[in-house]
Amino acid sequence: MSALEEEYRLDYFEEEGFERKECPSCGAHFWTRDHDRETCGEPPCAEYEFVGDPGFDEPHSLEEMREAYLSFFEDHGHERIDPYPVAAERWREDMMLTIASIADFQPLVTSGETPPPANPLTISQPCIRMQDIDNVGKTGRHTMAFEMMAHHAFNAREDVEGEYAYEGEVYWKDRTVELCDELLESMGADITEVTYIEDPWVGGGNAGPAIEVIYKGLELATLVFMCMERDPEGEYELKDGNRYSFMDTYVVDTGYGLERWTWMSQGTPTVYEAVYPEMIAFLRENAGIDHTEEEVDLVNRAARLSGNLDIDDVDDVEAARGEIAAELGIDVAELRELVEPLEAIYAIADHCRTLAYMFGDGIVPSNVETGYLARMVLRRTKRLCDTVGVDAPLDELVDMQAERLGYENRDTIRDVVRSEVEKYRETLERGGRRVEAIAEEYAERGEPIPTEELLELYDSHGIQPDMVAEIAGEVGAEVDRPDDFYSLVAARHDTPEEAEAVEGSGDDRFDDLPETETLYYDDQQRTQFEAVVLDVFEREEGYDVVLDQTMFYPEGGGQPADHGTLSTDDATVEVRDVQREDGVVLHRTDGDLGKGEFVKGQIDVTRRRRLMRHHTATHIVIHAAREVLGEHIRQAGAQKGIDSSRIDVRHYDRISRAEVKEIEGVANEIVMDNTSVSQEWPHRNEAEAEHGFDLYQGGIPPGTNIRLIHVAEDVQACGGTHVARTGDVGAIKIRSTERVQDGVERLTFAAGDAAISATQEVEDALYEAAEILDVSPQEVPETADRFFEEWKARGKEIDDLREQLAAARAGGGGGGEEVAVGEATAVIQRIDADMDELQATANAVAEDGTIAVIGSARDGAQFVVAAPEGTGVDAGEVVSELAARVGGGGGGPPDFAQGGGPDGEALEEALADAPDVLRRVLNA
RNA sequence: GGGCCCAUAGCUCAGUGGUAGAGUGCCUCCUUUGCAAGGAGGAUGCCCUGGGUUCGAAUCCCAGUGGGUCCA
């Protein structure tokens with residue numbers, strides 16, 4: 001059947017007397033030493049045989065098993081490699097979290113562009129997979145965080161030499177299976193019980209044969225032989241429907257689940273008890289879960305049964321629970337009551353480990369990317385704790401795992417957790433109030449809370465429908481929750497498909513040109529050079545000049561391009577922009593110097609110096625920020641400039657004014673220390689081994705060798721130009737901080753003369769303010785405060801006086817014309833005052849049942865009409881008639897209306913007509 | 001990176017273009033008293049900032065700032 005069937009006919013299987021069989025139950029092909037065996041041995045074709053009956057000689061703890069594995073492979077010629085961070089986004093852009101050990105070596109090593117850190121190598125790589133999050137705790141075997149133990153060998157075909165970063169074959173399929181057998185045997189496994197199931201692997205554009213290793217019902221390892229790549233012309237069509245062909249490189253990619261091996265060695269009911277027994281014990285005690293012997297027995301039997309059920313999503317779990325309950329002869333509800341608290345506790349332990357990995361590796365909770373995943377996991381964990389009654393603070397629980405995992409930044413981890421839990425608490429509180437108000441409203445009307453409202457609550461306020469239902473229940477409101485709730489949420493986010501921005505590269509004009517030799521790293525202080533014009537291309541505006549070598553820095557790494565001039569003996573052209581395409585540097589000029597000309601290049605020194613100061617300052621500021629705010633500080637983006645630069649850093653809180661000052665202090669100390677700024681070009685593996693992934697603050701550069709910039713103790717991979725000594729930066733001034741998104745703070749700063757200008761700007765503003773207030777700058781805050789207070793007090797006083805004035809006017813008949821309108825009296829009066837005063841006067845007049853028509857010629861013409869109840873006059877209508885006469889409009893409630901228009905001259909006439917208008921309105 | 005929501009009294013929030021509100025807290029007085037409480041009166045506001053539309057904007061539009069939230 002399998003297109004790769006031939007690939008599994010290993011000499012090793014032959015020599016060891018394996019037989020290839022087809023599982024009668026699931027149809028899978030597998031290899032076994034046991035000629036009597038029938039099924040493949042993997043659930044659902046088998047059950048967990050090791051629960052209560054460990055499959056290895058000795059019980060191992062997680063740490064012991066990891067060490068046993070790594071040293072086994074060390075003894076068999078592999079070099080042990082330190083694990084990579086779980087935040088895969090730090091060295092690759094196509095993946096947020098590390099989901100497998102091979103992720104560490106993609107894409108550069110697997111493609112053969114970069115040599116592996118060792119070959120062959122062995123590693124135990126912490127991984128996080130969010131896909132199974134709902135199953136964690138329930139199935140007994142799913143975990144979100146796990147360590148994938150692995151050995152990898154990177155091979156290249158013998159017939160291709162020099163093209164790839166590694167050569168020849170280390171070992172391939174036979175040896176890989178043999179090593180697996182030997183490892184199992186060394187653990188005391190009965191290898192006649194092991195089955196090797198054929199299961200071709202496809203993923204991420206690569207593919208190859210793969211083997212699942214099953215022992216006593218548990219999949220212990222997957223051996224992947226990555227050797228094909230997607231190729232429309234390829235001769236093999238694999239299970240994803242695409243065609244593949246063989247590559248020149250072929251990679252042994254194994255994955256041994258540390259947790260499962262540990263579990264196998266202990267035979268506990270679930271993997272969780274084997275992996276973090278102390279934490280499970282702590283949580284059980286904390287939640288007050290105490291089972292009788294009989295109950296313990298039931299739980300264990302249920303656990304064992306869960307093995308032979310194919311559980312892939314939550315619906316299945318619920319169905320499976322029914323089957324298990326039937327098998328055990330108890331009620332489903334009873335079973336659920338028994339195991340659900342345990343499931344919650346297992347999940348809490350696992351989630352806390354996930355959080356410890358995430359925060360330990362510097363992920364900061366946020367509304368974007370990995371930060372968002374971390375936030376979701378944390379909130380979920382907090383909910384689980386609340387449901388099951390675990391009252392230990394979450395930061396303590398995460399810390400238990402962080403300690404076990406050996407993280408050194410545990411204080412920061414706890415800070416992050418505490419701050420995030422607090423944010424969640426606030427969200428819940430806000431949400432709770434909101435839901436209560438809405439629920440009461442609908443309860444009163446006797447309607448269910450509509451789906452639209454639920455969507456809004458979830459999408460904009462983060463309130464789960466469950467929570468709405470719960471609160472609504474308390475006030476007696478129903479909730480209209482459709483089954484496809486989450487797809488409705490998704491529909492809300494559907495935006496019209498954006499036209500794919502086609503990268504209009506397709507520019508092959510430069511294909512024949514050699515890569516431009518770049519001089520700007522050789523001596524970063526030089527600003528003049530000589531070169532030959534290789535070619536000139538006309539552009540819409542100006543020209544692209546290509547030279548054989550250049551000192552002009554092309555835009556890149558957040559550093560803008562150099563400006564300057566190119567000149568021959570007779571002509572000079574301005575360079576206004578410099579770009580780089582496929583290694584060819586294009587100088588955008590305003591003139592054509594002619595192909596083959598010999599030119600002198602001169603860089604705009606002032607501009608370049610400023611850029612260099614800002615670039616070095618960027619390194620200094622991020623280093624200082626890390627010192628002040630914590631080890632988790634990482635660059636999330638940067639842009640250098642002439643007058644100021646900015647860096648975005650990941651941080652879980654706003655940066656306070658005090659912290660800004662401290663960062664500024666540390667940064668300027670580094671400047672004053674005047675240490676040298678140096679560059680080097682080490683092999684990337686050496687650089688990574690020595691400095692870790694913190695090197696890549698500004699992105700991951702390609703190539704085998706990378707350029708490192710040392711500024712004081714700070715080391716970063718960087719392609720920019722830098723000053724020679726930190727003192728050359730002059731001074732660093734942080735101008736502002738800004739929260740660019742949740743978990744990302746932007747620091748804007750200026751260096752050198754720009755720092756001085758920035759300071760002067762702020763000073764100018766302060767001095768100007770001081771001058772206006774006629775006080776010294778130091779007294780500005782106090783004076784401003786006093787003025788503001790006085791200003792407010794005067795506003796109140798004016799209001800008071802206005803009312804008094806209005807009362808006096810109304811009482812004293814102050815010049816208003818009195819007319820009779822039906823039963824009532826109306827006062828028509830002109831006072832050229834502002835709206836507030838007109839209103840106050842009208843109010844005062846209306847106080848004793850008199851109709852008031854007040855007009856003003858300030859700002860055109862304005863009217864206020866008050867018509868107390870019982871006068872039979874609609875103030876709104878009166879105003880709109882009057883306002884029409886001054887070219888405007890107006891309106892308001894029947895007892896009090898305002899209006900006006902631009903024609904102030906017509907005011908008198910309008911007021912003169914007012915009695916008529918009043919009477920007409922009365923009669924209407 | 002994208003979407004959505006929010007910003008009004010110390011706090012929590014109403015307020016659909018026409019005189020800025022409620023609850024709570026605060027102050028004063030009264031009643032009662034072991035505490036809690038009850039009654040009456042009072043003070044609170046650049047309605048986030050800046051533009052625009054309008055006779056008129058807390059309200060509508062645009063931009064900014066600050067916060068929240070969902071998704072990849």
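Here is the naming used below: chain letters follow the sequence lines, and residue numbers restart at 1 for every chain.
Comment: A/E738 does not engage A/R646 in a salt bridge, judged by the lack of any side-chain N to carboxylate O separation of less than 4.0 angstrom.
Nucleic acid contact class of A/R434 (heavy atoms, under 4.0 Å, all strands): none. Contacts of A/G462 with the nucleic acid, taken as non-hydrogen atoms under 4.0 Å apart, involve only primed sugar atoms and P, OP1 or OP2.
Judged by distance alone, with hydrogens and angles left aside, A/N367 brings a side-chain donor or acceptor within reach of the base of B/U69, the pair sitting under 3.5 Å.
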Audit row: A/R383, A/Y424, side chain to side chain contact (heavy atoms under 4.5 Å, CB included) steps and yes/no
CA-CA 10 Å; A/R383 278 200 297 275; A/Y424 186 43; 3.0 Å; yes
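In RNA chain B, consecutive stretches of 3 or more Watson-Crick or G-U wobble pairs with both distances under 3.5 Å are given as paired ranges: B:1-7 with B:65-71, B:10-13 with B:21-24, B:26-30 with B:38-42, B:48-52 with B:60-64.
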Could you list all N or O pairs between the protein and nucleotides 62-66 of chain B that sit under 3.5 Å apart?
residue: B/U65; atom: OP1; partner: A/E738; partner atom: OE2; Å: 3.4
residue: B/G66; atom: O3'; partner: A/R654; partner atom: NH1; Å: 3.2

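Listed nucleotides B/C46, B/U19, B/G68 differ in distance to A/F788; the shortest reach to its side chain belongs to B/C46. Considering only the side chain of A/K792, B/C46 comes nearest among B/U44, B/C4, B/C46.
Taking atom C1' on both nucleotides, B/C46 is separated from B/C35 by 44 Å, rounded to a whole Å. Remark: the separation of the C1' atoms in B/C6 and B/C48 is 12 Å, to the nearest Å.
Between A/H632 and A/H651, the ring-plane angle classifies as parallel under the 30° and 60° cut-offs.
Each of A/R657, A/K733, A/R735 was scored for a salt bridge (Lys or Arg N to Asp or Glu O under 4.0 Å) with A/E664, with one residue passing: A/K733.
Here B/C5 presents its P atom at 9 Å from NE2 of A/H461, a figure rounded to the nearest Å.
With sequence neighbours left out, the salt bridge (charged side-chain N to carboxylate O under 4.0 Å, His left out) criterion links A/D648 to A/R746.
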